[in-house]
Participant: 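One structure follows; several queries about it will come next.
In listed order, ligands and their atoms are each counted from 1.
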Amino acid sequence: MEISRLKSMKGLQAITMITAYDFNTAQILEEIQIDVILVGDSLGNVVYGFESTQNVTMEMMIRHTEAVRRGALTSFIVADMPYGSDEPEAFALENARKLMGAGADAIKIEGKADVAKYLVENKIHVMGHVGLLPQTASDMKVQGKDSASANHILTEAKALDKAGCFAVVLEMIPSELGDTITKSISVPTIGIGAGKFCDGQVLVVNDILGMVENFHPKFVKRYAELNNNATKAIKEYIRDVKAGEFPDDEHSFD
Ligand code: KIV
């Protein structure tokens with residue numbers, strides 16, 4: 001996917017983006033040709049089990065971006081700049097180049113239009129991110145519900161557009177605000193909990209596959225119940241081993 005093609009999809013064709021953190025998932029996404037793969041810093045939560053994405057390091061992002069690129073040789077990959085890696089500007093550029101070196105086609109930063117502008121001026125493709133910013137949010141609630149906060153988010157999105165971002169993620173805002181922003185900026189908006197009027201949608205792959213039993217945020221639709229399936233499968237394996245039924249002849253060498 002070329003950046004120009006992605007931008008041309010605005011308003012015409014919904015853009016699909018999903019996170020991936022590992023080689024196997026990347027292979028699936030490459031095979032089905034998702035528009036964009038995001039190596040999100042949500043890996044801090046779903047891969048490493050941290051409470052906060054603030055614990056995610058550049059080292060982790062580099063390793064996981066490399067793994068995803070090995071599994072998705074031709075896909076368009078965006079890598080998140082982890083907390084603390086995107087300021088000051090020169091440090092942000094150094095880190096963005098490391099993520100590109102690891103296989104990313106573009107990077108994503110939360111807020112910070114001035115940094116986005118500097119990176120774009122230095123030939124880095126940047127995806128913006130407004131609304132709920134998980135790296136610095138005090139709690140994970142819907143943003144932009146009152147007019148002051150809605151205006152602030154709209155202004156930020158416009159600043160990211162002006163800074164040269166090729167797309168902007170809108171996270172956890174009312175649908176109407178998602179619609180207003182989508183109509184107010186020139187580049188595609190990609191929503192997560194931002195309603196149906198965005199130019200595209202992104203979700204965390206672990207969430208849509210139902211990998212966590214009791215995690216049901218309103219904006220996530222579960223397309224599978226892998227937690228239940230995995231639990232059932234592993235219980236059967238344990239039962240078979242305890243009963244002496246595995247390995248059987250079919251799974252043994254002569
Ligand atoms: O890290 C992530 O997965 C993200 C998405 C939620 C947009 O930033």
Participant: Which bit of L38 gets closer than 4.0 Å to ligand 1, counting heavy atoms only: side chain, backbone, both or neither?
Facilitator: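 Near ligand 1, L38 shows its side chain, while the N, CA, C and O stay back.
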Participant: Regarding ligand 1, does T19 bring an N or O atom to under 3.5 Å of one of the ligand's N or O atoms?
Facilitator: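 N/O-N/O distance under 3.5 Å: no.
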Participant: Looking at T53, is its backbone amide N or carbonyl O close enough to the side chain of D41 to form a donor-acceptor pair, meaning the two atoms are under 3.5 Å apart?
Facilitator: no
Participant: In terms of hydrophobic clustering (I, L, V, M, F, W, Y; side-chain heavy atoms under 4.5 Å; direct or indirect links), are L6 and L119 co-clustered?
Facilitator: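 Looking at the clustering, L119 is in the same group as L6.
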Participant: Taking the six-membered ring for Trp and the full ring for Phe, Tyr or His, determine whether the centres of Y48 and H64 are under 6.0 Å apart.
Facilitator: yes
Participant: Start with the C-alpha distance between V202 and I18, add both sets of side-chain angles, then the distance that settles side-chain contact (heavy atoms from CB on, under 4.5 Å), and finish with yes or no.
Facilitator: CA-CA 5 Å; V202 55; I18 283 190; 5.9 Å; no
Participant: Considering only heavy atoms, does T53 approach ligand 1 within less than 4.0 Å through its side chain, its backbone, both, or neither?
Facilitator: neither
Participant: Return yes when atom CD of E94 has more than 12 non-hydrogen atoms of other residues, nucleotides or ligands closer than 6.0 Å, and no otherwise.
Facilitator: yes
Participant: Given the rule in the side-chain contact (heavy atoms from CB on, under 4.5 Å) test, do H129 and I109 qualify, once you have shown the distances and angles that lead to the verdict?
Facilitator: CA-CA 6 Å; H129 187 153; I109 48 176; over 6 Å; no
Participant: Could you tell me which atoms of ligand 1, counted from 1 in the order shown, lie closer than 4.0 angstrom to a heavy atom of G40?
Facilitator: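 This gives 1 (O), 2 (C), 3 (O) as the contact atoms.
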Participant: Kindly confirm or rule out an N or O of E171 lying under 3.5 angstrom from an N or O of ligand 1.
Facilitator: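 N/O-N/O distance below 3.5 Å does not exist for this pair.
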Participant: Is E110 in contact with ligand 1, taking contact as a heavy-atom separation below 4.0 Å?
Facilitator: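 Contact absent.
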Participant: Answer yes or no: does an N/O atom from S42 fall short of 3.5 Å to an N/O atom of ligand 1?
Facilitator: yes
Participant: Under 4.0 Å from a heavy atom of K108: give me the atoms of ligand 1 that qualify, with their elements.
Facilitator: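 Atoms satisfying the 4.0 Å criterion: 4 (C), 8 (O).
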Participant: Number the atoms of ligand 1 from 1 as they appear, then name those within less than 4.0 Å of a heavy atom of I192, with their elements.
Facilitator: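 Per the distance check, 6 (C).
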Participant: Could you pull out the closest heavy-atom pair between I15 and P188, with the gap in Å?
Facilitator: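 In terms of heavy atoms, the two residues are closest at CD1-CB, 3.6 Å.
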